[in-house]
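Report on the following structure.
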Amino acid sequence: MLKILVTGATGNVGCEVIRLLVSHDCHVCAALRNPDKVQQILGSKIHCVWFDFINPDTWASAFEGVNKLFLVRPPALANVRKQIAPALNAAKLAGVEHIVFLSLLGAERNRVVPHAKIERYIEQLGIPVTFLRASFFMQNLNTVHREDIKTRGELFMPAGNGKTSFIDVRDIAAVAVRALVEDGHLGKAYALTGGEALTYYEVADIFTEVLGKPIRYTNPSLLKFIWQMRERGLSLDLILVMTAIYTTARLGLAGGITPDVEQLLGCPPLTMRQYVEDYRKFWL
Ligand SMILES: NC(=O)c1ccc[n+]([C@@H]2O[C@H](COP(=O)([O-])OP(=O)(O)OC[C@H]3O[C@@H](n4cnc5c(N)ncnc54)[C@H](OP(=O)(O)O)[C@@H]3O)[C@@H](O)[C@H]2O)c1
């Protein structure tokens with residue numbers, strides 16, 4: 001039976017990938033730093049293995065017998081050579097036959113982002129791969145921005161009037177599962193976006209309608225955003241990453257829409273309205 005190891009299993013995308021994989025005829029394994037955590041999130045039926053990208057003691061047993069790997073780069077690990085590549089070497093040594101890598105939309109044109117370095121490294125290793133290059137996740141709004149929306153009724157990001165082609169991670173996970181269990185995805189790169197590009201003013205209107213309480217997009221300046229994030233105690237590295245992401249949107253570079261999700265899943269991507277309806281408990 002196909003053995004599939006899922007990294008980032010407690011995170012946004014990995015968690016959904018596991019939820020979908022359990023109904024397939026394969027042996028699903030969640031790769032975890034803390035096995036108790038996944039059982040709280042996903043229940044006790046999930047098979048877990050101890051895995052940490054930066055702990056070599058965990059690699060050989062985690063990759064043993066694994067045919068396919070769903071690879072998520074933890075956001076905090078930015079040094080690919082030191083923090084990601086050694087574990088990938090262990091995957092190669094263990095005979096992993098296919099990696100489905102959660103990458104970033106446009107990574108092929110942006111050589112400085114860690115995702116581009118990981119893509120190149122996997123290709124150099126010669127492990128067959130599928131790249132899922134995803135746009136900005138809707139789920140950032142119920143994680144990173146949850147408190148602003150819930151307690152202040154505010155969307156606080158310096159994205160100007162630029163549009164973003166938000167994607168729901170449930171669509172990314174559905175594509176990932178196809179890439180993992182079906183034939184025909186080796187050597188492919190998919191550009192995954194939602195089906196609509198929205199400004200944050202439009203997103204605020206959707207929140208207001210669905211939640212039945214006013215949510216405003218306050219469109220702070222970059223300086224105000226950086227100052228506010230520092231006040232909240234975020235690390236400078238994280239603030240810089242967030243600033244880069246929202247500047248891309250501000251410049252009108254985050255609104256491109258691709259047909260890949262619909263072509264792969266046979267139905268249109270989930271909409272922002274559907275997402276807010278399904279996740280409304282996060283903001284009430
Ligand atoms: N957010 C976006 O809009 C967006 C868009 C495109 C691409 N991406 C990319 O998507 C990736 C993040 O995916 P996500 O949002 O699904 O993840 P996430 O929710 O940020 O979760 C990170 C996962 O990595 C695990 N992790 C952290 N450090 C680890 C380590 N040393 N060894 C093993 N596992 C470790 C965490 O496990 P613990 O529970 O143990 O902490 C958690 O499961 C990033 O590479 C990001 O750049 C994000």
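Order of appearance sets the numbers: ligands from 1, and atoms from 1 within every ligand. Scope of the values below: all heavy atoms of this structure, side chains included, with no hydrogens, waters or symmetry mates.
- Per-residue contacts place Val72 under 4.0 angstrom from the following atoms of ligand 1 (heavy atoms of the residue considered): 11 (C), 12 (C), 13 (O).
- Residue-ligand proximity: Ala76 is placed with every non-hydrogen atom at 4.0 Å or more from ligand 1.
- Taking the six-membered ring for Trp and thresholds of 30 and 60 degrees, Phe51 and Phe53 have ring planes more than 60 degrees apart, a perpendicular arrangement.
- Considering only heavy atoms from C-beta on, Phe137 stays 4.5 Å or farther from Thr143 through its side chain.
- For the pair Ser103 and ligand 1, the shortest N or O to N or O distance does not fall below 3.5 Å.
- Below 30°, between 30° and 60°, or above 60°: for Phe166 and Tyr200 the angle between ring planes is above 60°, a perpendicular geometry.
- The distance criterion of under 3.5 Å between nitrogen or oxygen atoms is not met by Leu77 with respect to ligand 1.
- Residues Ile99 and Leu125 fail the side-chain proximity criterion, which asks for heavy atoms closer than 4.5 Å.
- Close approach to Pro75 involves these atoms of ligand 1, each under 4.0 Å from a residue heavy atom: 20 (O), 22 (C).
- The pair Asp148-Arg232 meets the salt-bridge criterion, since a charged nitrogen lies less than 4.0 angstrom from a carboxylate oxygen.
- Within the 4.0 Å heavy-atom criterion, neither part of Cys15 lies near ligand 1.
- By the criterion of a heavy-atom distance under 4.0 Å, the side chain of Leu102, and not its backbone, is placed next to ligand 1.
- When each of Lys68, His185, His98 is tested with Thr130 by the rule side-chain hydrogen bond (donor to acceptor under 3.5 Å, both in side chains), just one qualifies, namely His98.
- Applying the 4.0 Å criterion to heavy atoms of Thr10 picks out, from ligand 1, the atoms 36 (C), 37 (O), 38 (P), 39 (O), 42 (C), 43 (O).
- With sequence neighbours left out, the salt bridge (Lys or Arg N to Asp or Glu O under 4.0 Å) criterion links Glu64 to no other residue.
- With a heavy-atom cut-off of 4.0 Å, Asp52 touches ligand 1 through backbone and side chain alike.
- By the 4.5 Å heavy-atom criterion applied to side chains, Tyr121 and Arg81 are not counted as neighbours.
- Atoms of ligand 1 lying under 4.0 Å from any heavy atom of Ala134, numbered from 1 in the order shown and given with element: 6 (C).
- For the residues Gln139, Glu16, Arg33, the heavy atom positioned nearest atom 29 (C) of ligand 1 is part of Arg33.
- The closest side-chain heavy-atom distance from Met157 to Leu141 is below 4.5 Å.
- Contact annotation: Ser135 has at least one heavy atom less than 4.0 Å from an atom of ligand 1.
- Under a 4.0 Å heavy-atom criterion, Asn140 is in contact with ligand 1.
- Looking at Phe137 next to ligand 1, an N or O pair under 3.5 Å apart turns up.
- Remark: Glu16 engages Arg19 in a salt bridge, criterion side-chain N to carboxylate O under 4.0 Å.
- For the pair Gly11 and ligand 1, the shortest N or O to N or O distance falls below 3.5 Å.
- Considering backbone and side-chain N/O of Val13, one or more are found under 3.5 Å from N/O of ligand 1.
- Between Arg133 and Leu104 the shortest side-chain heavy-atom distance does not fall below 4.5 Å.
- Considering both main-chain and side-chain atoms, Asn34 never comes within under 3.5 Å of ligand 1 through any nitrogen or oxygen pair.
- Here's the thing with His115: one of its N/O atoms is less than 3.5 angstrom from an N/O atom of ligand 1.
- The option from Gly106, Pro74, Ala78, Ala87 that lies nearest to atom 35 (C) of ligand 1, judged by heavy atoms, is Pro74.
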